[in-house]
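Notes follow once the structure below has been shown.
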There are 2 protein chains.
Amino acid sequence: MNRLPVAERREQLIEAALAVASRDGIDAATVRAVAAEAGVSLGVVHYCFQDKDELLRAMAHAITSANLERSLGELPPEADDPESVIEGVIDALWAGIRDSRGPQLLSYELTTSSLRHAELNQVAIEQYRGQWAAAEQVLDLVERSAHVSWSVPRGTLARTVVAVIDGFSLAWLVDGDSEAARAGLQGFGRFLATVAVPSSLEADAAATLA
Amino acid sequence: MNRLPVAERREQLIEAALAVASRDGIDAATVRAVAAEAGVSLGVVHYCFQDKDELLRAMAHAITSANLERSLGELPPEADDPESVIEGVIDALWAGIRDSRGPQLLSYELTTSSLRHAELNQVAIEQYRGQWAAAEQVLDLVERSAHVSWSVPRGTLARTVVAVIDGFSLAWLVDGDSEAARAGLQGFGRFLATVAVPSSLEADAAATLA
DNA sequence: GGTTGTCTTGGTCGGTTGTCCAAGTCAAGT
DNA sequence: ACTTGACTTGGACAACCGACCAAGACAACC
């Protein structure tokens, strides 16, 4: 095995853990399986991480960051009317989920594991704080792109967005009906449009001049 | 230990498994832990169940039935206007969830476990088929109580109801904010009211909204 | 009262897990 | 060249898991 500084070895092991857990589930992410996936021997894992839990926490942090980046990596849609903007954002978000079934399922496994095991206590709340913050940023993006304002508190709306996406994603993981999920999310998008009101004249003018 | 016919012993073990798994998580529901919880010795479990998986499947079936009964056990609300009827139903549903944190979390653990382990393959889909059917029955109940018809296909709406409840429940399990969950669900209830039209106008609305 | 068949017991077995460690290997600095 | 310290190896360990079994205990029936 190539020799690597511990920091890089850690990153490699985190990616290996992510690969194993996404493919075969969180329970399959044993120290041995991760070492095998990374092509290193068993002791290396405990040389780089104090605990198995420390490895899992690092893996959770990695997947949370990846999810966050993916959510915010959506391009601001071109359309002008709020309905089309929302539709475009939802389609992009849903495509991201549909194309990463393993990691998506792993996210739920991590959440439930975190709620049961004290050593992973912080994982779930960090996951959701990240998701709520990301949802708020997406809502901001829609506000600016579609020249609207939300008639509902931002935090409340963000929590709802995350909840709805979570719910439809979980159902899709169970029965694999992508079309039902897409349709349901688009239905929620039409509801979102009903709580978006046109921006004030000053804001509109400022946006136009800029 | 009292001697029991195998059928009753099975029921007792299922309840013991449910107790252990609700309290300490699905991973804690080992054969030994279940036997200890039931106060029987180790061999009894394998005398009553061929596999540990058979025990888990039986437990999943039990919790699914319990959830279904709980959802349908809600009294038809007294109010006449659709908004109040929906509000009452949602409050009752939410109260049922809020008062059973352990079993609720166990349901999600069962879903994710089912999606990973082939031996539990049917568990998740049965869970959700049951929930979707229950949601449809609740929607029927609201239709009759509030004298409205849904302007959206029943199945689609039921799937949305389950998804939203799932999403808010999961978030509540993570951060424990009961008030946010209740508020979010009531917000969804107000949306539901917008797709409920008075019974006489059913045909009209169906033609308008597709 | 003896027999039959159901239920229970307590232990054993092989396999897997997380953790740990002594020894070995290698690159860099003196 | 030699020392030092970072990194790797492969095995060992105790603990726990699901599964299994021979033997015992009990109730019901002939």
Side-chain angles (χ1 to χ4, degrees), chain A residues 1-21 23-60 109-110 113-114 116-121 123, chain B residues 1-21 23-60 109-110 113-114 116-121 123:
Chain A
M1 196 57 224
N2 283 343
R3 291 171 79 85
L4 283 181
V6 61
E8 296 182 28
R9 187 64 80 197
R10 278 175 63 109
E11 301 255 352
Q12 181 197 5
L13 289 174
I14 291 172
E15 280 197 32
L18 212 42
V20 174
R23 189 192 331 122
D24 302 323
I26 194 174
D27 291 336
T30 65
V31 176
R32 284 163 226 271
V34 171
E37 177 85 16
V40 301
S41 65
L42 189 54
V44 172
V45 180
H46 277 95
Y47 177 77
C48 297
F49 297 92
Q50 199 178 18
D51 249 17
K52 182 199 174 184
D53 296 316
E54 189 181 315
L55 170 59
L56 284 187
R57 282 193 295 266
M59 183 191 74
E109 293 182 279
L110 274 171
S113 282
S114 163
R116 290 291 191 190
H117 306 312
E119 319 83 34
L120 304 178
N121 246 349
V123 168
Chain B
M1 198 53 226
N2 282 344
R3 291 171 77 85
L4 284 181
V6 60
E8 296 182 28
R9 187 65 79 197
R10 278 175 63 107
E11 302 256 350
Q12 181 197 5
L13 289 174
I14 291 172
E15 278 196 34
L18 210 42
V20 174
R23 189 194 330 122
D24 301 325
I26 194 174
D27 291 336
T30 65
V31 174
R32 283 161 224 272
V34 171
E37 177 84 16
V40 301
S41 66
L42 190 53
V44 172
V45 180
H46 277 96
Y47 178 75
C48 297
F49 298 91
Q50 197 179 20
D51 247 19
K52 184 201 173 184
D53 296 316
E54 188 180 318
L55 170 59
L56 283 188
R57 282 193 294 267
M59 184 190 74
E109 294 181 278
L110 274 171
S113 283
S114 163
R116 290 291 192 188
H117 306 312
E119 318 84 34
L120 304 179
N121 246 349
V123 168

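Keep in mind it's a predicted model, so treat the numbers as computed, not measured.
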Checklist entry - Starting at the 5' end of DNA chain C and moving along, which residue's nearest nucleotide shows up first, B/G43 or B/V6? => result B/V6
Item to check | Residues that A/E54 engages under side-chain contact (heavy atoms from CB on, under 4.5 Å), provided they are two or more places apart | outcome: A/R10, A/F49, A/Q50, A/D51, A/R57
Item to check | Gap between atoms CG and P, on A/L42 and C/dT17 respectively (whole Å) | outcome: 10 Å
Checklist entry - According to the side-chain hydrogen bond (donor to acceptor under 3.5 Å, both in side chains) rule, which pairs have a member within residues 30-46 of chain B, sequence neighbours left out? => result B/R23-B/E37
Checklist entry - Heavy atoms, side chains only, cut-off 4.5 Å: are A/M59 and A/L110 in contact? => result yes
Next on the checklist: Quick one, A/H117 and B/D27 - any side-chain contact, counting heavy atoms below 4.5 Å?
Outcome noted: yes
Using nucleotides 14-17 of chain D, report all nitrogen or oxygen pairs with the protein that are shorter than 3.5 Å.
none

Pairs under 3.5 Å (N/O, protein and nucleotides 26-30 of chain C):
unit_1, atom_1, unit_2, atom_2, d
C/dC26, O2, A/R3, NH2, 3.4

Checklist outcome for this item: Minimal heavy-atom distance between B/L55 and B/A17, with the atoms involved, is CD1-CB, 4.2 Å
Checklist entry - Between C/dC20 and A/H46, is there an OP1 or OP2 to side-chain N/O distance shorter than 4.0 Å? => result no
Checklist entry - By side-chain contact (heavy atoms from CB on, under 4.5 Å), which residues pair with A/N121, not counting sequence neighbours? => result A/A118
Next on the checklist: Does B/E119, at its CD atom, have more than 12 non-hydrogen atoms belonging to other residues, nucleotides or ligands within less than 6.0 Å?
Outcome noted: yes
Checklist entry - Would one find a side-chain N or O of A/Y47 under 4.0 angstrom from OP1 or OP2 of D/dC7? => result yes
Checklist entry - Mind checking what makes side-chain contact (heavy atoms from CB on, under 4.5 Å) contact with B/R116, not counting sequence neighbours? => result A/L105, A/L106, A/E109
